[in-house]
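A note on names: the letters A, B, ... follow the listed sequences, proteins ahead of strands, and every chain is numbered from 1. For clarity, every value in this text was computed on a predicted model and none was experimentally measured.
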There are 4 protein chains.
Amino acid sequence: MTDKQARIIEAAVQMFAEKGYAATSTSEIAKRAGVAEGTIFRHYRTKKELLMAIAAPAVVKLLAPFLLREFRDVLQAEYASFEQFLRAVVANRISFLDRNISLFRIVVQELPFHPDLQRQFRDIVLSQVLERIGGLFDRFKAMGQLPDWPNGAIVRLCVSAVMGYAVARMLNRSSPSWDDERERETTIAFVLKGLTPSS
Amino acid sequence: MTDKQARIIEAAVQMFAEKGYAATSTSEIAKRAGVAEGTIFRHYRTKKELLMAIAAPAVVKLLAPFLLREFRDVLQAEYASFEQFLRAVVANRISFLDRNISLFRIVVQELPFHPDLQRQFRDIVLSQVLERIGGLFDRFKAMGQLPDWPNGAIVRLCVSAVMGYAVARMLNRSSPSWDDERERETTIAFVLKGLTPSS
Amino acid sequence: MTDKQARIIEAAVQMFAEKGYAATSTSEIAKRAGVAEGTIFRHYRTKKELLMAIAAPAVVKLLAPFLLREFRDVLQAEYASFEQFLRAVVANRISFLDRNISLFRIVVQELPFHPDLQRQFRDIVLSQVLERIGGLFDRFKAMGQLPDWPNGAIVRLCVSAVMGYAVARMLNRSSPSWDDERERETTIAFVLKGLTPSS
Amino acid sequence: MTDKQARIIEAAVQMFAEKGYAATSTSEIAKRAGVAEGTIFRHYRTKKELLMAIAAPAVVKLLAPFLLREFRDVLQAEYASFEQFLRAVVANRISFLDRNISLFRIVVQELPFHPDLQRQFRDIVLSQVLERIGGLFDRFKAMGQLPDWPNGAIVRLCVSAVMGYAVARMLNRSSPSWDDERERETTIAFVLKGLTPSS
DNA sequence: AATGAATGAGACTTCATTCAT
DNA sequence: CATGAATGAAGTCTCATTCAT
């Protein structure tokens, strides 16, 4: 990937996150990237292709830790308790979001409008994640650390709590009243208690 | 509001929800509404004004039950337990979303891009909601039905769980494997357990 | 002429003078006149017709004193000297302009773009004026008060000097350095001296 | 300046002069220039900017001879008499108008509607012209070739006479009864006589 | 590989005019 | 007579994309 190409991607990521894909013009991207308009189309045949060059890998990166080959074998053994697992994953994903908030925004904003992105997200990725995480959760269930709910539901409840935390964090970033440490602990405590099997 | 005006709003709501505000052209809206394009601009001076005529009231409607004057006085007394309250609110908002999913999508999609909408959402509405709900939650805390967490955090945890349920429901609407009754009960059980004060 | 009609004309005169005919919209006129848009078209079938209802009489009014039936017979006798005549006409036309500057601006602005106005101005009016004024000037020439130049040229020289004075006056209306009395006297002195027959 | 850009300017000059700025559409200009409409807006962001790209330099060109650095020093010495000076300037400006009548028309037509043009005309240019010409006229006054009138008034009287001649010339261009040589001489004779100091 | 002038389809918007009320 | 909602043609301007250099 040439230097200009990198600058184009970087500029596009910023602008798409800022104004949305549809409201961003290729000429703005070119200007911010410091390249000629034509140069964009030398590397990406269409504006959509540029979006996909950003969004498709972003989907993968967002779910990266769950896709590692070692996830099933190695990590599974590593985490003795669900709490350990949850803390590890939350820490890892939050730190990722801090560094890649633009990618996250782009994926979330554009997912509803691009069936191909949805397909990727759903079929390819989500199935892998659920399958792998399913094994892990089954083990935690057997250990009496998770209730006997469908794995999909448990994942959803975890994800929504963490996403809620992430969004609130983003919105309150500059507010002095946001005690990040406490909010994160509250969220984790909530999830753990909510997922405690009833005796 | 004339007949044509209603048709314009209806068409715009559908298209904005479907393709997003920026990707929807006024000529498409006119065509779907069965009016001349000029007619749109007789009623709404700009496309943005048309969006606001839809989104601003939608923000209010989405939060309507929390804004009722009676909310504080009447409902507060009515709900003996937090569970009753949670069930009532969830049922009410989910049924609202079923009937107004387009409005919901528009607000969620456009909120990040329109500071005026954000302001409305934040300052005017959010403050009212939090203030009122705060009083209610304080009472539940005194009754030992909620943990001693900040009201903002409790609201966030409830909202994220319910929104996660709503989104999953929307995505899986046509899937036969989605057992709505069970998912909703699971979600409520999760929230209730997660918010049980530690003895 | 109904009340509304008068208000329409008045509003149109103001706006045409202010922004120009082409740049003024009928809806603006309607708004300023305090009538509905449709009302304008009940009285004037087209926007152009509204312009003509203003401009055509304005052309006549601008040249009014030269069109009076009495001009040839009565006035001719009245003015013993060219200076008397010049002073009378200048005073009369300047006071008219003060009261009807908008009409004047409209005629001047639109004359180049409307052949029908030009035709009116040229054929109908200009010929009458020149013919009548020609007789007067011939008499002054015979009296040795005007040089033996073509009447058209003399009229042109008088008109351009007076118009130059009128325009400068308009532009400097608010300037304190504009000594109107002196400027007018200078202009008249200039014309009179310029038109003194060479011994 | 690319070839297309030149064609755009040329077409715009013709059409603005012919129909007026407000009544000329950018699509007409594009058609006459033989370019796509979008091309106009690549070079001039708005229609107004296109007008200014024409009118602003035109204002300068119209007053060019009075702005030359050499005007004060060189020409002042060169012209022994006011008559020489007047004849030179008239010949120069008339020949300029013959070649640039469209520019002249545009400036005159649009000046009343564009405060920025007026400002340029007034502040920047007029002050320079008056200042320079003032020095020249003071010298002619000292030589007893001009009356003791304010320089502004003298300039106005000269300009209005010449402009009146130019306009009449333009209107009668095709008329066989227009004897240009005689009209010009009459005009100059009128100005010279009108500006003769009273003994 | 890179440029940026050129394109033309289509975006939003304005406007003179009509017509049912 | 008066209204003002409705129209659709036309206006200005934007944009993704192409192509000669």
Qualifying residues under side-chain contact (heavy atoms from CB on, under 4.5 Å), relative to Val13(C), sequence neighbours excluded: Ile9(C), Ile54(C), Ser102(C), Leu103(C), Ile106(C)
Rounded interatomic separation in angstrom, taking CZ from Arg45(C) and C1' from dC1(F): 17 Å
Salt bridge (charged side-chain N to carboxylate O under 4.0 Å, His left out) involving Arg105(A) - partner list, sequence neighbours excluded: none
Length of the line joining Lys47(C):NZ and dG11(F):P, which is rounded to integer Å: 13 Å
Nearest-angstrom distance from the residue atom CZ of Phe41(A) to P of dA1(E): 16 Å
Arg32(C): salt bridge (charged side-chain N to carboxylate O under 4.0 Å, His left out) partners, not counting sequence neighbours: Glu18(C)
Collect all protein-nucleotide pairs involving nucleotides 6-9 of chain F in which both atoms are nitrogen or oxygen and the distance is under 3.5 Å.
| from | atom 1 | to | atom 2 | distance (Å) |
| --- | --- | --- | --- | --- |
| dA6(F) | OP1 | Thr2(B) | OG1 | 3.1 |
| dA6(F) | OP2 | His43(B) | NE2 | 2.7 |
| dA6(F) | N7 | Arg42(B) | NE | 2.8 |
| dA6(F) | N6 | Arg42(B) | NH2 | 3.3 |
| dT7(F) | OP1 | Lys4(B) | NZ | 3.0 |
| dT7(F) | OP2 | Ala36(B) | N | 3.2 |
| dT7(F) | OP2 | Thr39(B) | OG1 | 2.5 |

Nearest-Å distance for atom pair CD1/P, residues Ile8(A) and dT17(F): 14 Å
Sequence neighbours excluded, every pair satisfying salt bridge (charged side-chain N to carboxylate O under 4.0 Å, His left out) that has a member inside residues 21-31 of chain D: Lys19(D)-Glu28(D)
Inter-residue atom distance Asp98(D).CG - Met170(D).CE, 0.5 Å rounding: 11.0 Å
Interatomic distance where OH belongs to Tyr44(A) and C1' belongs to dA1(E) [whole Å]: 14 Å
Residues in ring-ring contact (aromatic ring centres under 6.0 Å, His included) contact with Tyr21(C), at least two apart in sequence or another chain: Phe16(C), His114(C)
Polar contact flag, side-chain donor to acceptor under 3.5 angstrom, Ser27(D)-Glu37(D): no
Flag if over 12 foreign heavy atoms under 6.0 Å of CE, Met52(B): yes
Earlier contact from the 5' end, DNA chain E, for Lys48(C) and Glu28(B): Glu28(B)
Salt bridge (charged side-chain N to carboxylate O under 4.0 Å, His left out) involving Lys48(B) - partner list, sequence neighbours excluded: Asp116(B)
Gap between atom NZ of Lys4(D) and atom CD1 of Ile40(D) - 0.5 Å precision: 11.5 Å
For atom NZ of Lys31(B) and atom P of dG10(E), their distance in whole Å: 10 Å
Interface with DNA chain E, restricted to residues 50-58 of chain A and to heavy atoms under 4.0 Å: none
Lys47(D) side chain to Thr24(D) backbone, donor-acceptor under 3.5 Å: yes
Residue pairs fulfilling ring-ring contact (aromatic ring centres under 6.0 Å, His included) with at least one residue in residues 26-60 of chain A, sequence neighbours excluded: none
Whole-Å gap separating P (dT18(F)) and CD (Glu49(A)): 11 Å
Interface residues of residues 16-26 of chain C with DNA chain E (non-hydrogen, below 4.0 angstrom): Thr24(C), Ser25(C), Thr26(C)
Consecutive-pair stems (at least three Watson-Crick or G-U pairs, under 3.5 Å) that include DNA chain F: E:2-21 with F:2-21
Set of residues satisfying side-chain contact (heavy atoms from CB on, under 4.5 Å) with respect to Val60(A), sequence neighbours excluded: Leu67(A), Gln120(A)
